[in-house]
Amino acid sequence: MSDGHTQFEDYGSNPGDPLPMLPDHVSHGRFERVLRARHFAITTEIAPPDSADPDEVLRRAALFDGHVDAINATDGSGANCHMSSLAVCAILTRVGYSPIIQISCRDRNRIAVQGDVLGAAALGVCSVLCLSGDDVSVGDHPEAKPVFDLDSVSLLSTIRTLRDENRFLSGRPLDHAPRLFMGASINPFAPPLANRVHQFAKQVAAGAQFVQSQYCFDIAMARDFMARSRDLGLTEQCHVLMGVGVLASAKTAKWLRSAIPGVHIPDAIIRRLEQAERPKAEGRAIAIELMQQLAEIEGISGVHLMAYKQEEWIGEIVTQSGVLKGRKPWAAPHPLIPGAPSPATVN
Amino acid sequence: MYKVRLWSVKHARGMERFYNAINPAIVGTLKLKNRLFGTRFDGAVTALEAKGKALFFDCKMCGNCVLSSTGMSCPMNCPKTIRNGPCGGVRENGHCEVKPEMRCVWVAAWDGASRMEKGDAIRSVQFAVDNRSKGQSSWLRLARDE
């Protein structure tokens, strides 16, 4: 392990303690360190459990040990109810993981959001992803009241106000500002295609330091978007992590394409899955190829792997892709819960 | 009305010119009204603005009007009331993920902005609405602020 790696791994006697903040960094987090050191980064998503059992969170996170640099804890994704993102993050930071809290504008107004941001930082969360959120009508509580007091861009500027101006939106000063690395989501694969890059520019102007994209199954579109982003100088101000999905079958792909607006999957990908003898393995092969191709595109800093219900394959996919070039992300130092695989046995 | 709203975006440049032409007259008249009558007739002015903007833009009287920065497409018609859109869920045909029969308000906004002389205003970040202004007249605010 070279010196370039050890700086991401250092922690004191308690892996949950915050890392020392490096010069020019905005957070104590390992994720910011990896990106600023210009390493290709991997993030993934943890599905928050329908449970009040913290061990279930740790069991799910253990699957990613040594393979990812940060774990997004989704916030009622698809407008379905699960354990809160804040709670999942708090469980993860206690033992040293590097979670990204997702904050959706659907469920909380600016009072609740600012409180949660301070709380998250107090609980050791170092990275935040600002989202507008899926509408309540698509989830399991369509009768709920949608809030949308802020949108994702005003959420970014709100958190930047807390962090950089040391105050609430009201002007009331903070005693201690939240040290957060700020992110947003992009979708270069949905209309209005020509203007998606300008919207990205607005997110950067509002404070986004990293962005994670919706599923990318179309390399040509990704290349085009990145060229436009480079032209506007956005990749120098913001790290782009492209979303890579692991498709289980042609049926899943077709369902995603038709049921989830904004997901673009070319016919060629679906044909490949249809013709494959082992569709699941083909889905993983497609993900690996996409990762390798994306890693070659100038200005892409990493990939965001979304492998819902196939999380156990993340390690193999990352290893086979070779995009980390031998770098090994952080792993929990010892088995955190009875029965969970230790880092030594994971590989 | 949805069809008129689409027409307004399609004619965003004309709308922009018309608004720029009548804006001084509106503000001037309202300033005069304020001097002569104070807050009297505020209700009538607000009702007139609401009716006019409802016809052309399906205005929701958020009281924080940004039509000139959103390609003449009112962002309050977005089911998520996004002020810096669109979201990631736009359908391939450019329609809304929540209301599939409706063209995405923000696809329309970027389209309208591209037709306007000062359409680039859409690129600046808009902060969330001040909910206290709901139902209030933007014209009256302009007349008082200027």
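Per chain, numbering begins at 1; letters A, B, ... match sequence-line order.
- Contacts of residues 34-47 of chain B with chain A at a heavy-atom distance below 4.5 Å are absent; not one residue qualifies.
- No other option in S137(A), A206(A), C105(A), S154(A) has as many heavy-atom pairs under 4.5 Å with chain B as S154(A).
- For a residue to count as touching a neighbouring chain, one of its non-hydrogen atoms must lie under 4.5 Å from one of that chain's; by this rule L169(A) touches chain B with the side chain only.
- Note on R123(B), R91(B), E97(B), Q126(B): by heavy-atom pairs under 4.5 Å with chain A, the leading option is R123(B).
- Environment of OH in Y308(A): sparse, with no more than 12 heavy atoms of neighbouring residues, nucleotides or ligands closer than 6.0 Å.
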**Q.** Steps toward side chain to side chain contact (heavy atoms under 4.5 Å, CB included) verdict (V153(A), R83(B))
**A.** CA-CA 8 Å; V153(A) 175; R83(B) 309 276 285 185; over 6 Å; no
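- For the set P79(B), S114(B), P86(B), the entry with the most heavy-atom pairs within less than 4.5 Å of chain A is P86(B).
- Among pairs with a residue in residues 55-89 of chain B, none fulfils ring-ring contact (aromatic ring centres under 6.0 Å, His included), at least two apart in sequence or across chains.
- Across all non-hydrogen atoms, the minimal contact from F148(A) to T81(B) is O-OG1, 3.4 Å.
- Neither the backbone nor the side chain of V136(A) has a heavy atom closer than 4.5 Å to any heavy atom of chain B.
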Donor-acceptor pairs are to be reported for all side-chain atoms of residues 213-226 of chain A against protein atoms at under 3.5 Å, with residues two or more places apart or in another chain.
{"residue": "S213(A)", "atom": "OG", "partner": "G243(A)", "partner atom": "N", "Å": "2.8"}
{"residue": "D218(A)", "atom": "OD1", "partner": "A220(A)", "partner atom": "N", "Å": "3.3"}
{"residue": "D218(A)", "atom": "OD1", "partner": "M221(A)", "partner atom": "N", "Å": "3.2"}
{"residue": "D218(A)", "atom": "OD2", "partner": "H264(A)", "partner atom": "NE2", "Å": "2.9"}
{"residue": "D224(A)", "atom": "OD2", "partner": "R228(A)", "partner atom": "NE", "Å": "3.1"}

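- Contacts with chain B were tallied for P261(A), S157(A), P146(A); P261(A) has the most, counting heavy-atom pairs under 4.5 Å.
- Residues of residues 182-202 of chain A lying within less than 4.5 angstrom of chain B, judged on heavy atoms, are N187(A), A190(A), P191(A), P192(A), N195(A), R196(A), H198(A), Q199(A), K202(A) in numerical order.
- A donor-acceptor pair is defined here as one N or O able to donate and one able to accept, closer than 3.5 Å; such a pair exists between the side chain of K80(B) and the backbone of G133(A).
- Within 6.0 Å of the CD1 atom in I111(A), the count of heavy atoms belonging to other residues, nucleotides or ligands does not exceed 12.
- Rounded to the nearest 0.5 Å, atoms CG (D151(A)) and CH2 (W106(B)) are 8.0 Å apart.
- For NZ of K10(B), the number of neighbouring non-hydrogen atoms (other residues, nucleotides, ligands) closer than 6.0 Å is 12 at most.
- Considering CG of N84(B) and CG of L150(A), their distance stands at 10.5 Å, rounded to 0.5 Å.
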